[in-house]
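Here the structure is a predicted model, which means the values were calculated and not measured. Remember, it's 1-based here, ligands and their atoms both numbered in the order they're listed.
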Amino acid sequence: ATTLGAAAAQSGRYFGTAVAGGKLGDSQYTTILNREFNSITAENEMKWDHTEPSRNNFTFGSADRIANHARSQGKQLRGHTLVWHSQLPDWVKAIRDANTLRSVMNNHINTVAGRYRGQIHSWDVVNEAFADGGSGQLRPSVFRDVLGNGFIEEAFRTARTADPGAKLCYNDYSIEDWNSAKTQGVYNLVRDFKSRGVPIDCVGLQAHFGSGGAPGTFQTTIANMAALGVDVQITELDIAQAGSTQYANAVKACLNVQRCTGITTWGIRDSDSWRGSENPLLFDRSGNKKPAYESVLAALNGT
Ligand code: G3I
């Protein structure tokens, strides 16, 4: 196959990208998007600050634009994200009463996931809830501090009702190395949810890598998470300097695990990346395919 999406589809996987709604009028951007990728994640537009800037005042204009583009182009749509401590409006951060926050969180999930019910392939229900470093515990946030650790379970149960057809993912960064306390924290959460019947279908490994690429244990982490009975998705892949070998190895780690079902890069051209001058993506600032593009395509084609 000659495009990333078609090549990934040969093994039943998707190959997606984060999309910034404001760039859909850029014909170079949209040409590459429509040609190469068969899944879309809104880079910012489905986040809480965009969708509910003040309490119970929902604004879906920019998210709808991306959802409509995905639908009209026949692309899968990943939902990103329902509950996250960042890009969270101040009015939510200020809530101190548990009953109020519980009802606000569930109303947000019901309204946002409800609006796109039936259209979302996978939702990042909870994003980045674990602390960095060696604790293996949840990070401080209004959700943890006011509702306790159980906010994650509550969010997943609410999301299941709001959109029963969507796969429900826990998504985080720096959980790619098996030998890290943060990875173990997420693993234990998923194992606990599966053992108690809390609805969870997938783990998203963001995969924002330095120039060395994925850690040597990346495939082990994917396989061990999958063995818990969930899909694994690489949800925000980018690699500083975009080495071809590093990109091919990250993709192969997914292809080697049956339940690793899709890969998303966090942007299209280097100029679209949140990482400034690191040039971590598959297309250069002029929209040309980089060497890493060719190595990823070859890996997806098994050649
Ligand atoms: O749109 C405004 C613009 O009008 C304004 O002039 C400008 C000045 O700061 O800000 C623009 O908004 C920025 C927005 O990106 C759009 O470019 C925000 O400041 C900036 O904070 C925001 O950054 C996003 C970041 O999440 C916020 O946390 C990045 O685009 C986005 O790529 C990044 O994505 C996250 C994932 O959601 C979760 N995982 C990590 C990943 C990378 O940080």
Side-chain angles (χ1 to χ4, degrees), residues 16-26 29 33 37 39-53 59-67 77-90 92-93 108-109 112-113 116 120-132 138-143 152 155 168-177 180 182-183 185-186 202-211 214 232-240 242 250 262-283 285:
T17 182
V19 165
K23 293 179 181 165
L24 288 172
D26 171 342
Y29 181 86
L33 168 63
F37 299 95
S39 173
I40 287 174
T41 306
E43 187 173 3
N44 289 296
E45 292 79 354
M46 290 190 183
K47 295 170 180 175
W48 199 312
D49 58 352
H50 282 65
T51 53
E52 193 186 5
T59 50
F60 289 115
S62 55
D64 281 355
R65 190 165 176 213
I66 292 180
L77 188 58
R78 294 194 80 263
H80 177 77
T81 175
L82 294 169
V83 179
W84 187 25
H85 66 277
S86 184
Q87 285 179 283
L88 184 67
D90 288 342
V92 184
K93 292 183 194 162
H108 184 78
I109 295 169
V112 178
Y116 300 106
I120 301 284
H121 176 274
S122 303
W123 261 113
D124 293 331
V125 177
V126 175
N127 191 44
E128 300 176 3
F130 276 82
D132 297 320
L138 300 190
R139 71 171 67 239
S141 73
V142 69
F143 301 110
I152 302 181
L168 305 183
C169 303
Y170 176 81
N171 190 54
D172 214 328
Y173 65 89
S174 295
I175 57 166
E176 295 85 10
D177 184 350
S180 114
K182 194 171 172 183
T183 306
V186 173
C202 35
V203 175
L205 309 181
Q206 292 185 9
H208 295 295
F209 293 134
S211 58
V232 177
Q233 303 172 4
I234 298 178
T235 52
E236 305 183 11
L237 178 63
D238 50 21
I239 303 177
I263 299 170
T264 297
T265 57
W266 205 242
I268 299 177
R269 303 162 302 192
D270 288 330
S271 47
D272 304 316
S273 172
W274 68 293
R275 295 177 68 172
S277 58
E278 291 188 287
N279 297 328
L281 294 173
L282 298 178
F283 294 85
R285 289 163 194 271

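- Remark: ligand 1 atoms within the under-4.0 Å shell around heavy atoms of Asn127 are 38 (C).
- In this structure, atom 15 (O) of ligand 1 has protein heavy atoms in its sub-4.0 angstrom surroundings.
- Only the side chain of Trp266 comes within contact range of ligand 1, with a heavy atom under 4.0 Å; no backbone atom does.
- Residues Glu128 and Ser86 bring no donor and acceptor atom of their side chains to less than 3.5 Å of each other.
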Quiz prompt | Residue pair Phe143, Leu88: steps toward the side chain to side chain contact (heavy atoms under 4.5 Å, CB included) verdict | solution = CA-CA 11 Å; Phe143 301 110; Leu88 184 67; 3.7 Å; yes

Self-check item: Criterion side chain to side chain contact (heavy atoms under 4.5 Å, CB included) on Ile40 and Ile66, from CA distance to verdict
Solution: CA-CA 8 Å; Ile40 287 174; Ile66 292 180; 3.6 Å; yes

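- Atom 30 (O) of ligand 1 is flagged as protein-proximal [any protein heavy atom, distance under 4.0 Å].
- Protein heavy atom at the shortest distance from atom 38 (C) of ligand 1 is Glu128 OE2, 3.2 Å.
- Protein heavy atoms are absent from the space less than 4.0 angstrom from atom 18 (C) of ligand 1.
- Here the rule is side chain to side chain donor-acceptor pair (under 3.5 Å) with Arg78, and of Thr264, Thr235, Asp124 only Asp124 fits it.
- Ligand 1 places these atoms under 4.0 Å from at least one heavy atom of His80: 36 (C), 37 (O), 38 (C).
- Distance remark: protein heavy atom not present below 4.0 angstrom from atom 21 (O) of ligand 1.
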Practice problem: Kindly indicate, with the supporting measurements, whether the criterion side chain to side chain contact (heavy atoms under 4.5 Å, CB included) is fulfilled by Trp48 and Thr81. | Solution: CA-CA 8 Å; Trp48 199 312; Thr81 175; over 6 Å; no

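- Side chain of Asp272 to main chain of Arg269: a donor-acceptor pair is present (N/O by atom type, distance under 3.5 Å, no hydrogens or angles).
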Practice problem: Go through the steps for Trp274 and Glu236 under the test side chain to side chain contact (heavy atoms under 4.5 Å, CB included), then give the verdict. | Solution: CA-CA 11 Å; Trp274 68 293; Glu236 305 183 11; over 6 Å; no

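- The shortest heavy-atom distance from Thr81 to ligand 1 is not under 4.0 Å.
- We find that Asp172 and Arg139 are not joined by a salt bridge, their nearest charged nitrogen and carboxylate oxygen being 4.0 Å or further apart.
- With Tyr29 contributing its side chain and Ala20 its backbone, the two residues share a donor-acceptor pair below 3.5 Å.
- Checking Asp49, Asn44, Asn171 against atom 24 (C) of ligand 1, the nearest heavy atom belongs to Asn44.
- Of the listed residues (His208, Gln87, Glu43, Lys47), the one carrying the non-hydrogen atom nearest atom 27 (C) of ligand 1 is Gln87.
- The protein non-hydrogen atom at the shortest distance from atom 41 (C) of ligand 1 is Glu236 OE1, 3.4 Å.
- Taking a distance limit of 4.0 Å, we find that atom 1 (O) of ligand 1 is approached by no protein heavy atom.
- For atom 5 (C) of ligand 1, no protein heavy-atom neighbour is found at a distance under 4.0 Å.
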